[in-house]
Protein chains: 2
Amino acid sequence: MFSINQSLYEAGSCSDSYAILQGMLSSSQADTDQNPNLISPSFMAEAKAAAASNSHKEAERRRRKRINGHIATLKSILPNTIKTDKASLLGETVRLVKELKKTTSELTAIDAETNGELSTSLTLMFPSETDDLNVCHCENSGLIRAAFSCDDRPEMIPELIQALKSAEAKVVRAEMSTVGGRTKSVVWVKLLTGESDAGLGRLRRELKKVVMEKSISLAGSGQGLPGNKRPRYYHL
Amino acid sequence: MFSINQSLYEAGSCSDSYAILQGMLSSSQADTDQNPNLISPSFMAEAKAAAASNSHKEAERRRRKRINGHIATLKSILPNTIKTDKASLLGETVRLVKELKKTTSELTAIDAETNGELSTSLTLMFPSETDDLNVCHCENSGLIRAAFSCDDRPEMIPELIQALKSAEAKVVRAEMSTVGGRTKSVVWVKLLTGESDAGLGRLRRELKKVVMEKSISLAGSGQGLPGNKRPRYYHL
DNA sequence: ATCAACACGTGACTC
DNA sequence: TGAGTCACGTGTTGA
């Protein structure tokens, strides 16, 4: 069905058959349709159409190549390339882009809260004189920001770790400063469970224990650290 | 060229023409090719082929729809959709995915340096007794980590800001702790200029000034802040 | 008239 | 077999 005149232009990259024919025609005299031995206008038109079809064909080939090339690189980029199917691949790409955009916006939203000169800001804060606790949703990201000031105690960090673990909160970022026996902490967390508002309440409850629990354990705890010294590193 | 038998299966969504013919055939007696009035096997085969072609056609339609649907959502997702061209769109997608992956890896590489229980860790550090400065490349991300301990002075933060600005370093993240008049800071920065190693040296030089410059300005500077009090907020 | 981009139907191939 | 995917060539439309 497609084999009509295919032998004329299909072999190799001979997109110049029309040009060749033009050269042949220009070097010959005028001819008519009646003379079958010379190049007739009808044959000329046919060759022209064939050449046009050929260029069109090759242009489409190039276009396909570009698209498929990008899809191939996408396939090499994507992490979970289980389905090598082209549609599924694009779907997976959409999913990944959404996820990455969300992640980056979450991570950069923290910096964007207060914008400084060098486009990334940092707010250095000092502890307040009275104990306080503030837990709230971050506006754009799905994160929760918890800030609190209280007396600095050696047991606070482990308690904080335990509180965050109980609230199933993953620490995305934390800033702490300690001055004059008082400490202020700001932690940005991502809740591991779906229920956002319930999780926020739970987190606030857990943190309240940490903030309000004054240093009771100073007298007890025979297995405590020597000299009331705080260990150097903590992992949140 | 494509119009052969198109009227049989092209009108509407009639992919059941073959089934109809089967029903007609089962209710009639056996026939031969010689009898043109009855449904002949050749016609039967023709109808069957038409039905197959039809289902094939529709399957391909579905496939195209899925692919183009994903491409359309990609188009809505992408930020700079100047070229609505399909190939350019995919190319832009590749670029975006690479960029986002790089960004997130940079941002999370900081947390991944020391891995804690809740998959995001935080190392709380204490100032050393002696002044020190350490500037190095982060392993995987293109970031530079600068850590230093020194006496805590009110002028230190503005000086630090100036130093980072001079080194053309953008702060990605910073952690500071101050205890007993000593302060330790760790800042992760991204150099705004191309030359990485030269930039690192410049940053080290600038920071060295901050760390080593002991509080000379305590006596002078008539326009200083009242009471040697540190301002509450700094923007890095 | 040329070119680029698109959707379509079809043959080849795989599971 | 049938359902699915792919590359291909073609018709069409807009700059």
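Just so it is clear: chains get the letters A, B, ... in the order the sequence lines come, proteins before strands, and each one is counted from 1. Just so it is clear, the structure is predicted and the values come from calculations on it, not from any experiment. Any value given below was found using the heavy atoms of this structure, including those in side chains, with hydrogens, waters and symmetry copies removed.
- When the P atom of dA7(C) is taken as reference, atom CD of Glu58(B) falls 18 Å away, rounded to whole Å.
- In the set dG9(C), dC6(C), dC6(D), the nucleotide with an atom closest to the side chain of Asp85(A) is dC6(D).
- Looking at Glu60(B), its side chain comes within 3.5 Å of the base of dC6(D) through a donor and an acceptor atom.
- Taking side-chain N and O atoms only, Lys65(B) has no distance below 4.0 Å to OP1 or OP2 of dA7(C).
- Side-chain atoms of His56(B) and base atoms of dG11(C) include a donor and an acceptor less than 3.5 Å apart.
- With rounding to whole Å, Arg63(A) atom CZ is found 13 Å from dT12(D) atom C1'.
- Judged by distance alone, with hydrogens and angles left aside, the side-chain atoms of Lys101(B) form a donor-acceptor pair with the main-chain N or O of Ile77(A) at under 3.5 Å.
- A close approach under 4.0 Å does not occur between any side-chain nitrogen or oxygen of Lys83(B) and OP1 or OP2 of dA5(C).
- With hydrogens and angles ignored, the 3.5 Å screen pairs a side-chain donor or acceptor of His70(A) with a backbone N or O of Ala87(B).
- OP1 or OP2 of dG9(C) sits under 4.0 Å from a side-chain N or O of Arg64(B).
- At dT2(C), none of the side-chain N or O atoms of Ser55(A) fall inside 4.0 Å of OP1 or OP2 (strictly under the cut-off).
- Using a distance-only test at 3.5 Å, with no hydrogens or angles considered, no donor-acceptor pair links the side chain of Ser53(B) to the main chain of Ala49(B).
- Donor-acceptor pairing under 3.5 Å, judged by distance alone, is absent between the side chain of Arg66(B) and the base of dG4(D).
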Could you walk me through whether Leu191(B) and Glu168(B) pass side chain to side chain contact (heavy atoms under 4.5 Å, CB included), step by step?
-> CA-CA 6 Å; Leu191(B) 292 183; Glu168(B) 296 183 76; over 6 Å; no
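- Spacing between atom NE2 of His70(B) and atom P of dT5(D) amounts to 12 Å, rounded to whole angstrom units.
- Side-chain nitrogen and oxygen atoms of Arg61(A) include at least one within less than 4.0 Å of the OP1 or OP2 phosphate oxygen of dG9(D).
- Remark: P of dC3(C) and CZ of Arg62(A) are 10 Å apart, rounded to the nearest angstrom.
- Taking 4.0 angstrom as the limit, Asn68(A) places none of its side-chain polar atoms (N or O) nearer than this to OP1 or OP2 of dC6(D).
- Proximity of Lys48(B) to the phosphate of dT1(D): a side-chain N or O atom is located under 4.0 Å from OP1 or OP2.
- Remark: side-chain polar atoms of Arg204(A) are paired, donor with acceptor, to backbone N or O of Val135(A) under 3.5 angstrom.
- Note: NZ (Lys57(B)) to P (dT10(C)) measures 5 Å, nearest angstrom.
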